[in-house]
Participant: 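Encoded as structure tokens, here's the structure I'll be asking about.
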Amino acid sequence: MVLATVRAPSGLVASVDHLASAAGVAMLRAGGTAADAAIAASAVLAVTAPHMCGMGGDLFALVHDPAAPHQPPATLNASGRAGSGADPARLRAEGSPAMPFRDDVRSAPVPGCVDGWVQLHDRFGALAFDDVLAPAIAYAAAGFPASPTLALTCGQLIGVRGAEALVPGERRPRSGQRLVRPGVARTLEAIAREGRRGFYEGEFGRGLLELGAGEYIEADLGRVLADWVELLGIDVWGHRVWTTPPNSQGYLTLLGAAMAAGLHLPERPEDGAWAHLLVEAARAAAHDRPAFLHEHADAGPLLAAPAVAARRDRIDAEHRSPLALPVGAGDTMFLCAVDADRMGVSLIQSNCSGFGNFVFEPSTGIGLHNRGIGFSLQAGHPAEYGPGRRPPHTLAPAMVTHPDGSLRACVGTMGGDAQPQVLLQLLTRYLHHGGSPGAVIGAPRFALTGSAASGFDTWNDPDGVRVEVEAAAGEEWVQGLSQRGHEVKVVDGVVGTFGHAHLIEVTPDGMLGGAADPRALTGAASGF
């Protein structure tokens, strides 16, 4: 699809909701930083997009600090930890082969999103915290129009305790209908007054302890869940690409890009061979993820040149490669913001799957995520479910810098397991082919899916994955992939798992350019 790049001289915000993007721009106009803008937009999305994210989920962020232009981006891991009552043996005794997908608080680690806001604001914010949260509070208290995607999905919540505000009168809201979330408004007001205490020790925290019935204790909520961590980076296509380390799957973006940079890619991305080579790079990068990814995993050796070359050598330009032997739609939202000083923020926030756990804290109406589905129930597995542990995470924001460390672009997407695959395509189009933000975000995509098509089971059977191709891609991709041995399914871009991606760049003359994904229907890149 043809998508125009939005240009602006002083600041730009891109997100899945025009209300959130507008809130971010308002912070920039008021003299706030890109961090203030990102938090404001994230908080609005916690109100208006509960089918994607919320205060009951997790958050990761990358920040390019203009005060330290030659230093790597600061990296925030605000992913929650399992409660002190986490007991894998009990789940195994119940006959569970895997973590419950929903309707069970054991798959809901203590959410880290609010700690992420607080830490990001404390380090990089300029405006008062209550001013940053004011737009979100106003939408929650006075109401907001239900987006088309929220209206379409809210029917799933009829009869779910605590979700009544999203299905008034036990009816699915129509697109554009005013929804009011008073419990969320009270919680945001408490956070604005008291910081993290207003959330973890307030109305929501008390309700979470009651819901958990022993899964969590007060000390679990007292522990700060946001950490500044060392990030991962790799040099590709004349730039440095950065992402979050494990427990995030971000290393797959870097590994796929490193392999792709050494392949003979066709000049035309429309060529079926182009799609095949990137599919194979994504498969070669991620097929052993279930065995590798856990919070203490060291991805550095995987990104070393010999290891990258070993995986790349398994890629056949004309045939789909078997990958079962090791090599020796989830719902999330991504947003990005860049300010006048060229601070850049890539922020990603998630419920994990759709409305997450389908368990809502009833007093506040805040839904819990189900990120704990990333845990293993295999005894002794490094990612085994257990007290205080962080699960493997699909969230993987990215940032691109020039060799001198100056900011080139903020980029990211939602999409469960498909996030690194989408980012690989975006980075290849942007850095290798020189596409504009609009052209890159609007271009057709592929995504790899597993047998259950949940968005989170792709690598359970690496040789059984199917390639879903966006209908707009055309026959060259479908034929080129099919002829090389891939199982291909053509899917509509709006309903498929192709991500809601956004990109903001700093151009050589210092201007900003950006694009928000049209697949989100209500997304917007807004600047001034």
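The basis for the numbers below is simple: all heavy atoms, side chains too, and nothing from hydrogens, waters or symmetry mates. Numbering starts at 1 and runs along the sequence shown.
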Participant: Ignoring hydrogens, what is the shortest heavy-atom contact between R390 and L225? Give both atom names and the distance.
Facilitator: NH2-O, 2.7 Å
Participant: Can you give me the closest heavy-atom contact between G250 and A396, atom names plus distance?
Facilitator: CA-CB, 3.5 Å
Participant: Just checking, any donor-acceptor pair under 3.5 angstrom between side chains of H51 and T149?
Facilitator: yes
Participant: Could you state the interatomic distance from CG (L265) to NE2 (H433), rounded to the nearest 0.5 Å?
Facilitator: 5.5 Å
Participant: Got a sec, which pairs hit salt bridge (Lys or Arg N to Asp or Glu O under 4.0 Å) with one end in residues 238-267, sequence neighbours left out?
Facilitator: D235-R240
Participant: Are R466 and D461 within salt-bridge range, i.e. N to O under 4.0 Å?
Facilitator: no
Participant: Is a side-chain donor or acceptor of S107 paired with a backbone partner of G372 at a separation under 3.5 angstrom?
Facilitator: no
Participant: Is there a donor-acceptor pair closer than 3.5 Å between any side-chain N or O of T253 and the backbone N or O of L423?
Facilitator: no
Participant: Distance alone, cut at 3.5 Å: any donor-acceptor contact between the side chains of S15 and S21?
Facilitator: yes
Participant: What is the distance from atom CG of L255 to atom CD of Q249, rounded to the nearest 0.5 Å?
Facilitator: 12.0 Å
Participant: What's the verdict on salt bridge (charged side-chain N to carboxylate O under 4.0 Å, His left out) for R123 and D65, showing C-alpha distance, side-chain angles and the deciding distance?
Facilitator: CA-CA 10 Å; R123 183 167 176 181; D65 184 1; 5.9 Å; no
Participant: Can you tell me if T449 uses its side chain to pair, donor with acceptor, with the backbone of V465 under 3.5 Å?
Facilitator: no
Participant: Considering all heavy atoms of both residues, which atom of L302 and which atom of R311 are nearest to each other, and what is their separation?
Facilitator: CD2-NH2, 3.8 Å
Participant: How long is the straight-line distance from CD1 of I39 back to CG of L120, given to the nearest 0.5 Å?
Facilitator: 4.0 Å
Participant: Show the nearest heavy-atom pair for residues V467 and L448, with the distance to one decimal.
Facilitator: CG2-CD2, 3.6 Å
Participant: Under a 3.5 Å distance rule, please check whether H369 uses its side chain to pair with a backbone N or O of P109 as donor and acceptor.
Facilitator: yes
Participant: Spell out, as yes or no, whether a donor-acceptor pair under 3.5 Å connects the side chain of R445 to the backbone of F498.
Facilitator: yes
Participant: Tell me if a side-chain donor or acceptor on H121 pairs with a main-chain N or O of L127 at a distance below 3.5 Å.
Facilitator: yes
Participant: How many angstroms lie between atom OG of S436 and atom CG of L3, to the nearest 0.5 angstrom?
Facilitator: 8.0 Å
Participant: Kindly determine whether V411 and H502 satisfy side-chain contact (heavy atoms from CB on, under 4.5 Å), including the steps that lead there.
Facilitator: CA-CA 6 Å; V411 61; H502 316 298; over 6 Å; no
Participant: So, are E487 and K489 salt-bridged, with charged N and O less than 4.0 Å apart?
Facilitator: no
Participant: If only atom types and distance count, is the side chain of N351 paired as donor or acceptor with the main-chain N or O of S353 below 3.5 Å?
Facilitator: no
Participant: Keeping to residues at least two apart or across chains, list the salt bridge (Lys or Arg N to Asp or Glu O under 4.0 Å) pairs with something in residues 337-356.
Facilitator: none
Participant: Any chance the rings of H393 and F60 have centres within less than 6.0 Å?
Facilitator: yes
Participant: Working note: R312 + E280, criterion salt bridge (charged side-chain N to carboxylate O under 4.0 Å, His left out); need CA distance, chi angles, decisive distance, verdict.
Facilitator: CA-CA 9 Å; R312 187 191 296 122; E280 289 298 280; over 6 Å; no
Participant: Are any side-chain N or O atoms of D36 and backbone N or O atoms of A126, one a donor and one an acceptor, separated by less than 3.5 Å?
Facilitator: yes
Participant: Looking at H402 and D404, would you say the former's side chain and the latter's main chain have a donor-acceptor pair under 3.5 Å?
Facilitator: no
Participant: Would you call E470 and R519 a salt bridge, taking side-chain N to carboxylate O under 4.0 Å as the test?
Facilitator: yes
Participant: Closest approach of A35 and V345, non-hydrogen atoms and distance?
Facilitator: N-CG2, 3.8 Å
Participant: Rounded to the nearest 0.5 Å, how far does CZ of R283 lie from CG of L252?
Facilitator: 14.0 Å
Participant: Could you check S79 against N247 for side-chain contact (heavy atoms from CB on, under 4.5 Å), going step by step and ending with a plain yes or no?
Facilitator: CA-CA 9 Å; S79 62; N247 57 320; 3.3 Å; yes
Participant: Would you please indicate yes or no on a ring centroid separation below 6.0 angstrom for W228 and F124?
Facilitator: yes
Participant: Apply the test side-chain contact (heavy atoms from CB on, under 4.5 Å) to residues L59 and W117: give CA-CA distance (whole Å), side-chain angles for both, the deciding distance (0.1 Å), then the verdict.
Facilitator: CA-CA 8 Å; L59 180 154; W117 290 348; 3.6 Å; yes
Participant: Please determine if E318 and R484 form a salt bridge, counting it only when a charged side-chain N lies under 4.0 Å from a carboxylate O.
Facilitator: yes
Participant: Rounded to the nearest 0.5 Å, how far apart are NE2 of H287 and CG of N460?
Facilitator: 13.5 Å
Participant: Do NZ/NE/NH1/NH2 and the carboxylate oxygens of R81 and E295 come within less than 4.0 Å?
Facilitator: yes
Participant: Salt-bridge test for R371 and D58: reply yes if a basic N is under 4.0 Å from a carboxylate O, no otherwise.
Facilitator: no
Participant: Do NZ/NE/NH1/NH2 and the carboxylate oxygens of R289 and D417 come within less than 4.0 Å?
Facilitator: yes
Participant: Does R429 make a cation-pi contact with W274 (under 6.0 Å, within 45 degrees of the axis)?
Facilitator: yes
Participant: Could you tell me which non-hydrogen atom of S350 sits nearest to which non-hydrogen atom of L395, and how far apart they are?
Facilitator: CB-CD2, 3.5 Å
